[in-house]
Amino acid sequence: QVQLVESGGGLVQPEGSLRLFCAASGSIFSIYRMAWYRQAPGKQRELVAAITSGGTTNYADSVKGRFTISRDNAKNTVSLQMNSLKPEDTAVYYCNAAIMTASVPRTTRDYWGQGTQVTVSS
């Protein structure tokens, strides 16, 4: 059993900062790509940022220069530092990871966290 648990969401004023955190636990052999997605009311879920196991990152154009994704491979965690937040960043943020399980037969699939609400408002 593999779980992703997010934390760090909340209410913040425009131009403020928040840091999201996600920890993977369970029967894990290896974690490949880790990412953050978000879904605003009435909109489709969209990729915010992703990072490979080697540290290569990519970002949505809307967050480039404001958000930074990072990971700790030894601790199976991924973080998203969000600066200069805007009201349009308001959404539920989801952690996502491609994980190979340690149990035999080893399988690799995507796992999702439960989501954490980020609200940017004055």
Side-chain angles (χ1 to χ4, degrees):
Q1 194 81 354
V2 173
Q3 277 191 317
L4 298 181
V5 178
E6 301 116 333
S7 60
L11 173 64
V12 64
Q13 292 187 339
E15 296 304 313
S17 297
L18 277 178
R19 187 176 183 89
L20 304 184
F21 185 81
C22 174
S25 63
S27 181
I28 296 170
F29 180 76
S30 186
I31 302 179
Y32 302 103
R33 175 179 176 271
M34 301 186 85
W36 289 94
Y37 286 75
R38 68 186 180 187
Q39 187 167 21
K43 294 188 176 181
Q44 288 190 329
R45 190 173 297 189
E46 64 174 356
L47 175 68
V48 176
I51 184 168
T52 67
S53 56
T56 300
T57 59
N58 68 283
Y59 297 91
D61 288 343
S62 59
V63 307
K64 282 181 181 176
R66 300 188 297 122
F67 291 10
T68 302
I69 189 170
S70 59
R71 64 188 284 174
D72 185 329
N73 291 331
K75 296 181 178 179
N76 292 337
T77 61
V78 62
S79 298
L80 185 69
Q81 178 65 44
M82 306 185 293
N83 298 327
S84 301
L85 282 159
K86 303 176 181 180
E88 50 263 43
D89 294 318
T90 295
V92 178
Y93 284 70
Y94 296 90
C95 177
N96 166 265
I99 297 174
M100 176 182 283
T101 57
S103 56
V104 178
R106 290 184 177 147
T107 56
T108 300
R109 72 169 183 88
D110 269 357
Y111 290 85
W112 293 88
Q114 80 284 358
T116 185
Q117 176 71 45
V118 171
T119 302
V120 184
S121 174
S122 54

Quiz prompt | Heavy atoms of other groups near Gln44 CD, more than 12 under 6.0 Å | solution = no
Practice problem: Provide the closest heavy-atom pair for Ala40 versus Ala91 in the form atom of the first, atom of the second, distance. | Solution: N-CB, 3.8 Å
Quiz prompt | Where Arg71 and Tyr32 come nearest, the two heavy atoms and their spacing | solution = NH1-O, 2.6 Å
Review item, side-chain donor-acceptor pairs of residues 49-56, under 3.5 Å, at least two apart:
| residue | atom | partner | partner atom | Å |
| --- | --- | --- | --- | --- |
| Thr52 | OG1 | Gly54 | N | 3.3 |
| Thr52 | OG1 | Gly55 | N | 3.3 |
| Thr52 | OG1 | Thr56 | N | 3.0 |

Quiz item: Does Val92 belong to the same Ile/Leu/Val/Met/Phe/Trp/Tyr cluster as Val12, with side-chain heavy atoms less than 4.5 Å apart forming each link?
Solution: no
Quiz prompt | Closest non-hydrogen atom pair, Thr101 against Arg106 | solution = O-CG, 3.1 Å
Self-check item: Nearest-0.5 Å distance, CG of residue Leu80 to OH of residue Tyr93
Solution: 7.5 Å
Practice problem: Mind listing the closest non-hydrogen atom pair of Gly9 and Leu18 along with its distance? | Solution: C-CD1, 4.5 Å
Quiz item: Within the side chain of Thr90, is there an N or O that forms a donor-acceptor pair under 3.5 Å with the backbone of Val120?
Solution: yes
Exercise. Would you indicate whether the side-chain heavy atoms of Trp36 and Cys95 approach each other to under 4.5 Å?
Key: yes
Exercise. Treat each ILVMFWY residue as a node, draw an edge where side-chain heavy atoms are under 4.5 Å apart, and state whether Leu20 and Val63 are in one component.
Key: yes
Quiz prompt | Gap separating the CD1 atom of Ile28 from the CG atom of Asn76, nearest 0.5 angstrom | solution = 4.5 Å
Practice problem: Check the surroundings of atom CD in Gln3: do more than 12 heavy atoms from other residues, nucleotides or ligands lie under 6.0 Å from it? | Solution: no
Quiz item: If Ile, Leu, Val, Met, Phe, Trp and Tyr residues are connected whenever their side-chain heavy atoms lie under 4.5 Å apart, and connections chain through other members, are Met34 and Trp112 in the same group?
Solution: no
Quiz item: By salt bridge (Lys or Arg N to Asp or Glu O under 4.0 Å), which residues pair with Asp72, not counting sequence neighbours?
Solution: none
Quiz item: Under the 3.5 angstrom rule, does the side chain of Arg66 hit a backbone N or O of Ser84 as a donor-acceptor pair?
Solution: yes
Quiz item: If you look only at pairs with a residue in residues 7-26, which of them pass as a side-chain hydrogen bond (donor to acceptor under 3.5 Å, both in side chains), with sequence neighbours excluded?
Solution: Ser17-Asn83, Arg19-Gln81
Exercise. Nearest 0.5 Å please: distance from the OG atom of Ser62 over to the CD atom of Glu88.
Key: 8.5 Å
Exercise. Mind checking the CZ-OG1 spacing from Phe67 to Thr57? Nearest 0.5 Å is all I need.
Key: 14.0 Å
Self-check item: Between CD1 on residue Ile31 and OG1 on residue Thr108, distance to nearest 0.5 Å
Solution: 11.0 Å
Self-check item: Exceeds 12 heavy-atom contacts within 6.0 angstrom, atom CZ of Phe29
Solution: no
Quiz item: In a check of side chain to side chain contact (heavy atoms under 4.5 Å, CB included) between Asn96 and each of Asp110, Val78, Leu4, which one passes?
Solution: Asp110
Exercise. Could you tell me whether the side chain of Glu6 and the main chain of Gln114 form a donor-acceptor pair under 3.5 Å?
Key: yes
Quiz item: Could Lys86 and Asp89 be called an ion pair, given the rule that one side-chain N must be under 4.0 Å from one carboxylate O?
Solution: no
Quiz item: Do Tyr59 and Thr68 come within less than 4.5 Å of each other through their side chains, counting heavy atoms only?
Solution: yes
